[in-house]
Enquirer: 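Attaching a single structure in structure tokens format; questions to follow.
Below, read A as the first sequence line, B as the second, and so on, with proteins coming before strands; counting in each chain starts at 1.
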Amino acid sequence: MTGWDVMDIVQIVGIGIISTILIILLRQSNKAEFALLVSAITGMIIFSMVIDKMRYVIETLSSLARNVNMEFTYFSTILKIIGIAYIVEFGAQISRDAGENAIASKIELGGKVIMMVLAMPIILALLDLIMKVLP
Amino acid sequence: MDISLIFKIASIGILLGILNIILDKADKKEFSYIITLVGVVIVFGMVISLISRLFDSIRSIFQLY
Amino acid sequence: MVMDIIVFLKDWVKSIAIIFVLISIIEIAIPNGNLKKYINMFMGFLIIIVIITPFVNIIDSNYNIEKDIFKNIVKGIETREVYNNEILQTQEKQIKNLYVSKIKKDILEAIGELMHHDVSRLDVSIYEDEANFGSIQHVEIVLKEKKNESINEDKSINVVNIEEITIEKSAEKAKDNLLQDIEQIMGILNDKYNVSKDKITVYLNTMGEGEHSGKNNK
């Protein structure tokens, strides 16, 4: 894989199309579980291709934030929340593809609760802040 | 860790599908089920290192530790 | 004085601008889904914080939002740890009580029908240190003479002479009975539960009799 981004998107699209065709084939031969596995693996492979570029973007943003003197806590919490959102989205979508809507909802529930736990300190700090402004 | 993995999994799946049909014709349906399970386990084994590596890199990027 | 105000405004506008750019990027990058609304709400909170912070800095110049957030995080972790500890402790206690009561039941069954006494109380204590957790530390049994063996009030009213001999003989017989039963108990406990004789204490609950300790017998 070259460092050239345009080629990368062509690769990604190619992998996506090929695996979709393979999945149709597998569903036809009655092997739904393998279809699901292929779909999950394809998702993960594409994701890992993309993740290096994501790393670049995030580190740039992070150094930018540091430069501008934006507080560290904001940025790291946002980052964690985004990460959780990605992971949850991935897992929930796979469950939904297999028809298990209930499981997907439970995965999302887990994600929401954990995000709430992460965000709680900031929300409490915000309330303190507001209390200070109002006499 | 790239597209060859997808091909491997798909080929195992298709192979199992064919085995399934053959075993059905030979009237041994239980066999096909067991072999399917074995195939799924094998695929998991192939896949699990990829999954763990992926999640580790997500954790490191998003600083989720 | 004017410079101060200008610097203040500049910083404020800079923070707001950066936050807005950041949020726009994140809006695009977040996967569409049910989580999107959550994240949007959280971003809103962040915007509010960034906008209000400079004003707070005017009013109370020692305010540092980092400290506040950090304090809240620590408080959160402590609360959760307390929950975990409480649950763990209750669980452990329950398990231990269950275990001890099961051992007691087993011992009672094993002892079975003693020849001349009934078991009126049984206490078992177990080791709790790492080395031999769970093995029996001490067994305390309170025996009571079976009713038809004890000194029968009616019989002893008859003739004075015979009464004396009866009492003596009964006393002797009671002691023999007791020893016999103690032997039986200790034998069972030793075999089945590997409890050595010095860990067993047997009390006798009669009128006027003292205690008989397992130690005295061997």
Enquirer: From A:M131 CE over to A:L126 CG, what is the distance, rounded to the nearest 0.5 angstrom?
Expert: 10.0 Å

Enquirer: Can you tell if the side chain of B:I14 reaches within under 4.5 Å of the side chain of A:F34, non-hydrogen atoms only?
Expert: no

Enquirer: Heavy-atom distances under 4.5 Å only: say whether A:I51 touches chain B with side chain, backbone, both or neither.
Expert: both

Enquirer: Report which part of A:I46 has an atom under 4.5 Å of a heavy atom belonging to chain B: side chain, backbone, both, or neither.
Expert: neither

Enquirer: Select one option (side chain, backbone, both, neither) describing which atoms of A:L26 are under 4.5 Å from chain B's heavy atoms.
Expert: side chain

Enquirer: Is B:I21 close to chain A through its backbone or its side chain, or both, or neither, when contacts mean heavy atoms under 4.5 Å?
Expert: neither

Enquirer: Is the shortest heavy-atom distance from the side chain of A:I114 to the side chain of A:I84 under 4.5 Å?
Expert: yes

Enquirer: Do the non-hydrogen side-chain atoms of A:E100 and A:K106 ever get within less than 4.5 Å of each other?
Expert: no

Enquirer: What part of A:Y86 lies closer than 4.5 angstrom to a heavy atom of chain B: side chain, backbone, both or neither?
Expert: side chain

Enquirer: Just wondering, are more than 12 heavy atoms of other shown residues or ligands nearer than 6.0 Å to CZ in B:F31?
Expert: no

Enquirer: At a 4.5 Å cut-off on heavy atoms, which part of B:V40 comes close to chain A: side chain, backbone, both, or neither?
Expert: both

